[in-house]
Structure formats: C-alpha cells, structure tokens
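In what follows, a structure is listed as structure tokens, so that the remarks can point back to it.
Order of the sequence lines fixes the chain letters, A, B, ..., with proteins taken first and strands second; residue numbering starts at 1 for each chain. Because only heavy atoms are used, hydrogens play no part in the values below, and waters and symmetry mates are left out as well, while side chains stay in.
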Amino acid sequence: MIFNSIDFGIFFIIVFLLNAFVFNKNLRYRNIFLLVVSYFFYGWWDWRFLGLIFFSSMLDFFLGKKIDEEQNPINRKWLLGLSLGINLGLLGFFKYAGFFIESFTTAFTFLGFPIEPHAINIILPVGISFYTFQTLSYTWDIYKRQLKPNHDILRFLAFVSFFPQLVAGPIERASHLLPQFDSIKKLNYQQLRSGFLLMAVGFFKKIVIADRLARFVDPAFADYNQLAGYPAIIAILFFTLQLYFDFSAYSNIAIGCGRMLGFELSLNFNKPYLSTSFSEFWRRWHISLSSWFKDYVYIPLGGNKSGKFITIRNFLIVFLLSGLWHGASWNFVLWGLFNGLFLIILDPFVNKFNKFTLGKLVAGIIVFSCWALSLVLFRTSNFEQAKIIYSHIFIISSKTIDSYGLSIKELNFTFTILIFYFILEWIELNFSSLSDWLFKRNLLWRWAVYILIILSIIILGSYGSEMNDKQFIYFQF
Amino acid sequence: MMKAKSNKINKTASINKISAMSVISEKIAPPKTIGTFLKNSLIMLFILGIIVIGLDFNGLFDSSEINYHSKRTWEEFYTFTKDKEIDVLLLGNSHIYTGINPQSLSTSLGVNSFIISSPGTHLGDVYFNFKEALRRCNPKVVVVETYAIKDFDPYVLQGSELSDQIKSFVSRKNFWLKFISTPFLFSPTNYLYAWSSLLRNHSFIFTDPAQIKSNANKINTIVPAPGEEYKLGKFIRFVSGLEPETLKKYDELGSPVNGQNFRYSKYTKHYLEKIESLALKNNIKLVFLTLPMYKKHIDNYELWKIELNSLIDDKKYAWLDLQDKYDEFKFDENSFENTYEANQHMTYAGSIAASYALAAFLRNELKIPLPQRFLENKWLEIFYGKDSYFENCSVLSNDALGKSLVRNTQYGNLYVKEIVSYNRRENHVLLVKMDKNLIDESFLSSKKLMITANANVNGETNRYNIELFKDPAWNPLDHHLYFHFSTDLEVLEVLDVFLTN
C-alpha cells in the first residue's frame, strides 16, 4: 500500500476515524490498534515479511532488556554484538547477498579463478533498511545508557512498525518516538489541521511535481546510450529535483499522517537545495539518516576529535556506508565516495564564497551541481551506464527535450512551478514559516489555499487510470 | 475641548466594550475539536465535490467525440428507439461493428437491426449494454459476437483495456444502471476515473488544450462522417483488404493467432449466464455469431472452438461460426483488414458477406419469426435508397434515388426479377436480380451475364453490350445479384439479358 493510492486513502480515513473516536482513549487499545493497522499496512505488500519485522522487533526488545540488566561490560558488549550481528545479518542477507556474491565472482574471475555461483533470487523486504536502523539505534542507546528499555512489548512492537514511517522513514530514534507510545495525547484541532496541510503539500510535491519530472527522467535515463547534450543536463537536473520532491513528499505525508494520529515524527528535510555548503547540505538532506550515521558511526569512530586524517577517514567511512545503505551496488558506493570527497575537498573552497551575498549564490550552485552530477550514479543501474552519460553531457544531442515524454507545455509548467516552489522555500528559510503565516490568516484565505492545493493536485497532477500509482523512489531501499 | 474629551472618553469606552465582548465571545466560543476538524473536512469535501461535479457536468474535460464509437452508438440508439422498434439486436465489441452491416442485415430480412458494441470490451460490458438496451427496446433476437468472449478480469484491467471499458461505461446513459454496474466493471481504484471526466482527462491541460477550449466554447465535436458510419451502430472503418506484403507474412511467419492460447475467465462464464437468463426472461432468442478472420490468420482454430464449445455448447445455443465454416468463396483477401496484428477486423466487403450469412442463418436455419417491415413507412424512412436497399429490395417508385428499368420479365430462358439503376457517389450502378427459386446457382456459375441496353455516355445515347459481374459477398436471400459500375455509362433502357460462356 503506497501513500499515493486510493487504497491508502481509504485505509487512512478508517484508521484516523477509529483512532480519533474509538481507540485514542485507552493507551493499551490504542497501541494494539496501531500495531494491527501497521502490520496490515506492511502485510499489504507481502505478508510473508511480517514474520521478519516481528522477529527483528522481538529480538531487540529482549536484547535491549538484557543489555540494560547486564552489569558486566563484556557481556553487555556481546549482547550488543548479537543485536548488531543479527540485525545487520538479516539486512545483509536480504539486501546485499546478491551484491557480494556477484562481487566475489567478478573478483575471482579477474584473478583467473572463474567460479559459477548458484543463482539466488532474494526479494528485498520493503523498508528493511529503515526499520533495521531504527531498532539498532534502540539497543545501541540502551548499551550507551542513554535510553532505558521499554518493558511493554506491545508499545515496542507498535513503535517499530508505526506505519507512517515504517517503509521510508524518517528513521526515528527510540528516545524520540517510543515515549509517545507510553501516553495518550488528546488530539487537537491545530494538530489535525497542520497534519492535514503537511499531507496535502506532500501529495502536491509527489503527484504534481515528482511524478511529472519522472515522466521525463525515466525515458531519458532508459535511453542512456543516446542521452546527450542539453537533454542529458535537463534529465540530470530533473532527477535531482525528482529525488528531493519524491522523498520529501514521503516525509511530509508520513509526518502529517503521524501528527493526525497524535504522534510527532522527526523532520527529514530542511530545504537542502538552498544550502550554500556541503556540510550544510548534509545537515538538511535526509536528516534522520545523516544524524543516524553521525551518532552511530562517525562519533563512535572518533568524529573530528582525533586529528585531521582520522576525521577524513571517518567522513569517508560514513559516506561509503551511506552509499551502501542506499543500494547493493558499486554505483551507490561510488556515489557515497564522491559525496564524501566533495565534503572533504570542496567544502573549504565553497565556504570562501559564503562571505558575500552573490558568493552564496555561487556556492549554492556549486553544491547543487556536484550533488546533481553524483546522482547520475544513483539513478543508473551500473557504472557503465553512468560513464556513458557523463561522457555524453558535453556533446551535441541529436534528440530534443520533448522527445522524452513531456511536452514543451509541461516542461514550461514544471519549470514555473519549481521556481515558484523554491521562492516559497527561500521565503520560509529567511523570514517565517509559511504554515504559521497561513494559520494566522482569516478563514477565507486559509480555505482558499487548502482548496487551491487540492484542486492543483486533481487538475495538474500526473496520475490517471492508464498510469500505475508511482512508487516512491526510496521504497527500493 | 470638553467635546473632544467627551469623544475620547466615548471612544475609549467603546473600545473597552468591544474588547470585553471579544473576551466574552472567546470564552463562550466552543473550542475547536476533532468534531470541528471533521465538520470542516466534510464541508471542504463538499466544496471540492461541487467543483469537480460542476466541471464534469459542464463537460470541460470531455474527450473528443470524433471516433468515440460507443458514445455515438448510444446517442443513435436513444434517438432511434424514440419511435422505432428494434427486432435484431447485435452485441459485442469492435468485431461486430466492423463485421456486420446492419443496413444489409435489415434490408435482407425486412427488420430493424441495431449494433450496440464498444471497442475492446468483453462479456461483462456486453451484459450491461444488453441490460440498458432492454429498457428501450424489446428485440426478438439478440446476437452476441464471440470475440467478446475472452479471458477478462474486470478488477485487473489496465491500459487500453481499461480505457475502452471506461469509454463504454461513460457512453451508457442510464444513471442507475451505471451506478449499480460500477463495482462489477471496475476495481475500486478506478471508480472515480469511471465517473469523472475531470479525473480521467485532467492531463488535457497539457496534452490537448484545444479540446478543453472547444468544450468550453461548447463547440460540437461530433462531425457526421461521410456515409453515415454510425447509423444503426455500424462503423465500418476498413475498405481495402489484405495487401500482398501482409499475405507474404502469413507464408513466411505463419499465423499471428494461435487458437490454443484461447482462454476464458470465470467472469466470462458468469456474464454469459447472466446474458442467457436476461434473454430468457425477456423471451428473446439468443444467438451466437463468430465472425471470421482471414483463413491464414488463425492457427489451431479447432482448439479455440473446443474451449468455446465448453462454454457455448452448439447443441444448446444457436451459434453461427463463420470461422469454422470458413467460406473461401465469400471471404477472400478483400474481406479482411490489412493487418498482421492479432486483432483483425473485417472490411466493408467482409461485413456484407457476414451479414448475408447471418440473415440466412436467422431466417432459413433458425426460422425465427421476425416482423416483415418492408412496406412500413418508418422502416422505409430509414432504409429506402440507402446502402444495401436496392440490392435487397425493390424500387417503390422511380425517382432520383433509384429507377426500376425492368421488373418480372422473361428474356429467352432467363427470368429477370428486377433491373435497377441508381447512383452511388460518383458511380452509376446497375443491378440485375434473378429469382433463386427459378435459377440454380450452379447454372449461373460458369457463365457470364450480359445485357444489351441503350445507354448514355457523355450525353450521347447508343446501344451497348454490357457485361455484369457477380460479387460473391453479395448474396441476398431470395435472388442472385449481378452488378455493373460505371462512372460515365448510364443505362437508360434494357433491350436484352442473356448468358454467354
């Protein structure tokens, strides 16, 4: 069940009404209800993987308790290792087994020992990267004595499987989300209204912008052999924007859903494309993952406190792992490496521009362009395809941009709406929250905006009976 | 000064009063709750619903009606049934509206026949078409074309199949029937697309703004096509037959359709039973018709037939299978659409041959008692002088539409029923009809039919010997039919009719 489907619309309305009027009065019933609907939501894809999420949750629930009870530091370490080993083992098996087998085969063949491994076809359980990181942070925080274990299995299961953020984040820390399952907060009008607005904005970003961009991006990248010149530049630009609008739309909808059910989820994007340095960009892009890597990889490795060389090493490890987290392919590893190098090498240079106003614009363009170029690796299936596209960027294309699925009218519309959107982001970044501003307007203003957003989705959205509901890009991870 | 002070005091007092009132009103105003949110959501949903329904009602996002076959058919059907009966109702998908010529069928039987069909659809759609049609007519026979019998599942329809289903659904006019048929024809995901042209066609903003503009200006996009293509549900798109290039493919690549791949679904069986019970309930004879594809187009048709047999057992239902009883004399390369694609339709020539075969099946084999409307004014209003009329029926009065040059006359050993002259588009057409009861087909088959006639060519009248030809597709029930077409020769008087070798 994906957010941009009728199925989800019906599901959410029922869940919202039952939660608001029936279950949100009794903590135990509320948690049971949320657990059931979250498992239903997850099982809609493939019920077989419900066992996996249940096992993963139970394991960390009991190991968390054991780690907390255990006083012997060595035993504590062993228990943590067990949690990490099993969780990462499951993730590794489902996500990386094929990749490692393929890499070993290539390596052995390269060394003159060709081997033919048994082909294995493993289906990647949706959201496994997200909930594995979520449960890992739980046991780690308990180990570090930063969190007390939860003793209510129901609350813990509901926390791990909470459906708005289950399959594509934000990756919640137990310290932030788990306590919200310990009490009931009465839903209030303001909370519902802002949740609703966030969802509407999320759907707008997904259906009106991201899915329209995809209609250019998909055929363009599929035609990677012919993709060249300015259509290639537009394709890279559009994918860069598509990725942001698609993923941030998911986060908006997830946070909005959560809020309408009485939960506050973490911010995942904070206008990353207005960043004027690489470090700022990573503080604003996929915040929940970036901060996870910072807290559970970068800092345990020593962070920036052990000299320049160790800091650089730590950065590179984090970015390589981040690349690998995204996908089991060398493309993602390279993508991570590139972004790590941008941060290490280019950031000091870019920061020099940040001292004057026009320089900030230049810095922003450099950051955006490097990120966009790195995303060719993210979007293509293998390094060969990426190499072809990189080598064709500066040659004249035999094809025009309208040969890739979007009419000139749609392209103009897309550019207009993107400019308008980023002006709004800039206003919000430099002045005040637009939602706060809106909520202070009178009824006519507010309703006009709500209706305009929804009508825009209906009239300008890229959807239809002949199109399948488009998956969110981050579902594949 | 005093006045100013007093004004100031009054002003202050009134401000205090307003502040106090607002405090009171804030105190007494009910706090906004989930109920308020729900109420507001419902109001917003209502407003949005009104906007969407308004735009739908206004037709701003309607599709172009050019080539919108289903819609044109239902428009025509509702107009037709205002004051006319339908005796033979034909149901199916694009195969029947290209494969049967209702003019030909009607004029050979003396009935009103009408095709209700939607391109690309299946028996589920046929059932709901049948159901809606029965609200306006009470036919004696319903003919269901068997290409609508296929492996379909309404809940997984996608792409062009879904689009065809939606087009057919939208074209039906009875609101209640449409409402109750929705869950049977669509998955819940597609309900809104089926009902709202705005949701369905919103992309016109980018892809077809001219259509929105013409919808907004209420410009009628219905362009009557030449030759009344939509009359009686007919829509014959293909005129020329298979070309040598395509025929070569059959020899090189084999048949594009393999009968062993034919399957039907549980839904097909379900709707077949529903069609049967609806026909039974209304005392209508149910007949199945299989229109042919080119003989080399289908391989293993016998396997297809076995599957079909398990569904429409030919012992139980009346079934005319023109693929099985493929008549190479009547159905040749000119009878079929020039395509190697799986879905091959018939041409105008093919539809004529199939219509006569169906007419003969209904009258001679099934012996269904059908009304004889040959002399009814309403019937004549529809058919007189139009496509296929003179080929099947007699001239009633010599006029610009057609002239009877000879009637019931013996020429040597030949008895001529009628010789008709009429103009069709740029052609002078001459028809010679000879009674089938008096002259055997085998007697004519090896001979040429000639006439001696005074004819006008470029304003000059002379005597000519003219050879006529027999088109195997044209096979009226009661007479042999010979043709002569000419753009410049117009027969004025027939002097003799004779056969030569």
Worksheet item: For A:I457, does its backbone N or O pair with a side-chain atom of B:H202 as donor and acceptor, under 3.5 Å?
Response: no

Worksheet item: Out of A:Y189, A:F21, A:Y450, A:F16, which one racks up the most heavy-atom pairs below 4.5 Å with chain B?
Response: A:Y189

Just verifying a value: how many Å separate [X] [atom1] and [Y] [atom2], rounded to the nearest 0.5 Å?
X      : Y      : atom1 : atom2 : result
A:D7   : B:T189 : CG    : OG1   : 5.0 Å
B:L199 : A:I459 : CG    : CD1   : 9.5 Å
B:I205 : A:K409 : CD1   : NZ    : 11.5 Å
B:I47  : A:L455 : CD1   : CG    : 10.0 Å

Worksheet item: Side chains of B:L38 and A:L17: closer than 4.5 Å at any heavy-atom pair?
Response: yes

Worksheet item: Do the side chains of A:I458 and B:I51 get nearer than 4.5 Å, heavy atoms only?
Response: no

More than 12 heavy atoms of other residues, nucleotides or ligands under 6.0 Å from [atom1] of [X]: yes or no?
X      : atom1 : result
A:W445 : CH2   : no
B:L42  : CG    : yes
B:Y191 : OH    : yes
A:R441 : CZ    : yes

Worksheet item: Taking all non-hydrogen atoms of both residues, which atom of A:I454 and which atom of B:M44 are closest, and how far apart?
Response: CD1-SD, 4.1 Å

Discussion item. Quick check: closest heavy atoms across A:W447 and B:N40, and the distance to 0.1 Å?
Written reply: CH2-O, 3.2 Å

Discussion item. Parallel, tilted or perpendicular: which one describes the rings of B:F206 and A:F413, with boundaries at 30° and 60°?
Written reply: tilted

